[in-house]
Number of protein chains: 2
Amino acid sequence: MRDQKEVGGNLQSVRRALRALELISEHGELGVTELGRKLEVHKATASRLIATLAERNFVERDPISEKYRLGFGLISLAGAAVGGNDLVRAARPILDDLAERTRETVNLGVLSGESVVYVDQVTGTRSIVSVSWVGQRTPLHCTSNGKVLLAYATDAERDRLLRVPLPRLTPRTITDVKKLRTQLSEIRVRGFSQTMEELEEGLNAVAAPVKGMGGDLVAALSVSGPAFRMRAVDLPRLGKLTADAALAVSRRLGYVDRGARAV
Amino acid sequence: MRDQKEVGGNLQSVRRALRALELISEHGELGVTELGRKLEVHKATASRLIATLAERNFVERDPISEKYRLGFGLISLAGAAVGGNDLVRAARPILDDLAERTRETVNLGVLSGESVVYVDQVTGTRSIVSVSWVGQRTPLHCTSNGKVLLAYATDAERDRLLRVPLPRLTPRTITDVKKLRTQLSEIRVRGFSQTMEELEEGLNAVAAPVKGMGGDLVAALSVSGPAFRMRAVDLPRLGKLTADAALAVSRRLGYVDRGARAV
DNA sequence: CCGACACGGTGCGCGTGATGCAACACGTCT
DNA sequence: AGACGTGTTGCATCACGCGCACCGTGTCGG
């Protein structure tokens, strides 16, 4: 039945539980019946599942809407996930520095499934913004981080990721795979990517790859800001800064830049 | 068999999966065999479980140690959990303000299981500190947040939480339940808690309760800093500020301070 | 006031799917 | 080589999670 090889554990109920968490995450909050429908199981099953999740505080019940949302148990885990993560620890000081220099928002993203997940963020403006992108998912083809992750992925991985259609989010979103592939080659030459109002109108960004010990792609580091502050003429300079910062992070992770590796 | 009533869902495998995530969180990283032992299941079961978790990127394999650690899928969820959380949203501006006034670190913690989990943090010093406490767990009896959570918990809850022995972390940690209970009464009168080098030497803190619509305890808000800056004579002033801030958060959550409720 | 409809939660048999066992493959010491 | 450590995979058994039905609750609208 499974067309995709896609090996892995086969614990149905566990898989369902994880699926449920993701669904709740997507929708903000869900009721038992609604969850049951989305999981394609009987509501009784959904009820018991959610009760189990609630038991460990992975989800909690909103007292007013009576629906379930993600709970603190999850936050506790994720804190450990982020905190115990070499990448975030290594990158933080450099992110701070880059944000300081550019006065724009700096994001660190990794590839997860078929999208970018931001694992850390530092804002350039001193006023701490309430809303963080950390944990957010964005598409690959229209974000600077995503393009970097695509550009430096293995060929097989890139082919897999580009098999799906590229949704249009703004008039300037690149939806043609061929055009995107051309741009990815350019990115590999230049060393950084850029997006200009492809994800969101008025939002530009540049990004560069973070590599691990073996030269493998680990994450992407981006600087993003409003189009009027990050004009086309500014991007090369910002791109250079970002690439330098990304290289600094890579070095911290044990990456050694072997000689002058052209292209 | 279950002595504790302890109702809730009864999906063993799901429960095991959540347990596994918590264990991995606690230990940083775990191998299959080790996890199997801790879960009291056959290592084959643990292997399949972990494979399922890995499939959704809830855990990932550390390429060097070959062990499993928490993955990005979890970060993605937790980001949503924090972001979609009324408490954090409501509290953030007030946390910022409190940090600004006190120039110290402000933490927001909730009760999770038998410990405090920090769900948000704002640092007083403008330089962003690398290490965040968000997601960390600390014991109840030796942290200011923990004492508040204990003090304002229901009697039954408090009794349950104080049944376990109180580990000593510093020479000044309170390990005597009776003494702690006395202090909890004082906290209820005073409106804020304080710890002086009970969790960590050189670290003092004060905390106050955040209440919800029905006057129920929701979280604890704390200010912490080095003992030389937060001396015993400073604590009443800081405690008052913290209590005011906590009340402001409570009001945002719909709490109404019914008249002068002495004690 | 009482039906109708939604929701969430819970006993209960049935059948599937998760479990433990064993065997395997791989790496690392002595 | 051998012994031990790891993680992964077929396989047969049986416990456990599943759907069904039922119940309690809240909220419509007549």
Side-chain angles (χ1 to χ4, degrees), chain A residues 1-2 4-24 27-71 213-214, chain B residues 1-2 4-24 27-71 213-214:
Chain A
M1 190 52 65
R2 70 190 64 132
Q4 273 295 110
K5 193 79 161 294
E6 196 75 63
V7 288
N10 264 356
L11 306 220
Q12 285 212 356
S13 60
V14 172
R15 184 178 295 176
R16 257 210 280 272
L18 305 186
R19 190 91 238 288
L21 288 173
E22 288 175 357
L23 283 171
I24 295 173
H27 291 77
E29 51 180 39
L30 281 180
V32 168
T33 310
E34 207 171 349
L35 180 64
R37 248 197 303 273
K38 289 191 191 299
L39 286 177
E40 293 173 353
V41 294
H42 198 273
K43 60 175 181 167
T45 305
S47 172
R48 281 183 282 249
L49 171 56
I50 244 178
T52 306
L53 293 173
E55 197 184 16
R56 292 249 175 227
N57 291 114
F58 277 62
V59 300
E60 63 190 7
R61 198 166 194 168
D62 186 328
I64 49 174
S65 73
E66 295 273 309
K67 288 174 182 294
Y68 288 88
R69 52 166 57 169
L70 298 179
M213 298 186 61
Chain B
M1 189 54 65
R2 69 192 64 132
Q4 272 296 108
K5 193 78 161 298
E6 196 77 65
V7 289
N10 263 355
L11 306 220
Q12 286 213 356
S13 59
V14 173
R15 185 179 293 175
R16 258 209 278 273
L18 305 186
R19 191 91 238 287
L21 288 174
E22 288 175 358
L23 283 171
I24 296 173
H27 291 78
E29 50 181 39
L30 279 180
V32 167
T33 311
E34 207 170 349
L35 179 64
R37 249 197 303 273
K38 289 191 191 299
L39 287 177
E40 292 173 353
V41 295
H42 197 272
K43 60 176 180 167
T45 306
S47 171
R48 282 183 280 248
L49 171 57
I50 245 178
T52 306
L53 293 174
E55 198 185 14
R56 291 248 176 228
N57 290 113
F58 277 62
V59 301
E60 64 191 5
R61 198 167 194 163
D62 185 330
I64 50 174
S65 73
E66 296 274 308
K67 290 174 181 295
Y68 288 88
R69 52 166 58 170
L70 298 180
M213 297 186 61

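Within every chain, numbering begins at 1; the chains are lettered A, B, ... in the order of the sequence lines, protein sequences first and strands thereafter.
When the C1' atom of dG20(C) is taken as reference, atom CD of Glu40(B) falls 15 Å away, rounded to whole Å. We find that CZ of Arg37(A) is positioned 11 Å from C1' of dA6(C), with the value rounded to whole Å. Regarding Gln12(B), its CD atom lies at a distance of 21 Å from the P atom of dT16(C), rounded to whole Å. Lys67(B) has its NZ atom 11 Å from the C1' atom of dG7(D), to the nearest Å. Here the P atom of nucleotide dA6(C) and the CD atom of Glu66(A) are 18 Å apart, to the nearest Å. The interatomic distance linking His42(A) (NE2) with dC14(C) (P) rounds to 18 Å, in whole Å. Between the C1' atom of dG9(C) and the CD atom of Glu55(A) lies a distance of 15 Å, rounded to the nearest Å. The NZ-P distance, from Lys43(B) to dG10(D), rounds to 16 Å in whole Å.
Between the Thr52(A) side chain and the Arg48(A) main chain, a donor and an acceptor come within less than 3.5 Å of each other. For His42(B) (side chain) and Ala44(B) (main-chain N/O), a donor-acceptor pair under 3.5 Å exists by modelled atom type. Of the possible polar contacts, one joining the Arg61(A) side chain to the Glu66(A) backbone as a donor-acceptor pair under 3.5 Å is found.
Judged by distance alone, with hydrogens and angles left aside, Arg61(B) brings no side-chain donor or acceptor close enough to the base of dG7(D) to form a pair under 3.5 Å. Between the base of dG19(D) and the side chain of Arg48(A) there is a donor-acceptor pair shorter than 3.5 Å.
Residue whose closest nucleotide on DNA chain C sits further toward the 5' end, between Ile50(A) and Val14(A): Ile50(A). Across the interface with DNA chain C, nearest-nucleotide mapping of Val32(A) and Arg16(B) shows Val32(A) to be the residue nearer the 5′ end.
Within the 4.0 Å cut-off from OP1 or OP2 of dG7(D), at least one side-chain nitrogen or oxygen of Thr33(B) is found. At dG9(C), one or more side-chain N or O atoms of Tyr68(A) fall inside 4.0 Å of OP1 or OP2 (strictly under the cut-off). Side-chain N/O atoms of Thr45(A) include none lying less than 4.0 angstrom from OP1 or OP2 on dG17(D). OP1 and OP2 of dG8(C) both lie 4.0 Å or more from every side-chain N or O belonging to Ser47(A).
Residues Leu11(B) and Leu49(A) come closest through the heavy atom pair CD1-CA, 4.2 Å.
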query: Could you walk me through whether Lys67(A) and Glu34(A) pass the salt bridge (Lys or Arg N to Asp or Glu O under 4.0 Å) check?
result: CA-CA 10 Å; Lys67(A) 288 174 182 294; Glu34(A) 207 171 349; 3.3 Å; yes
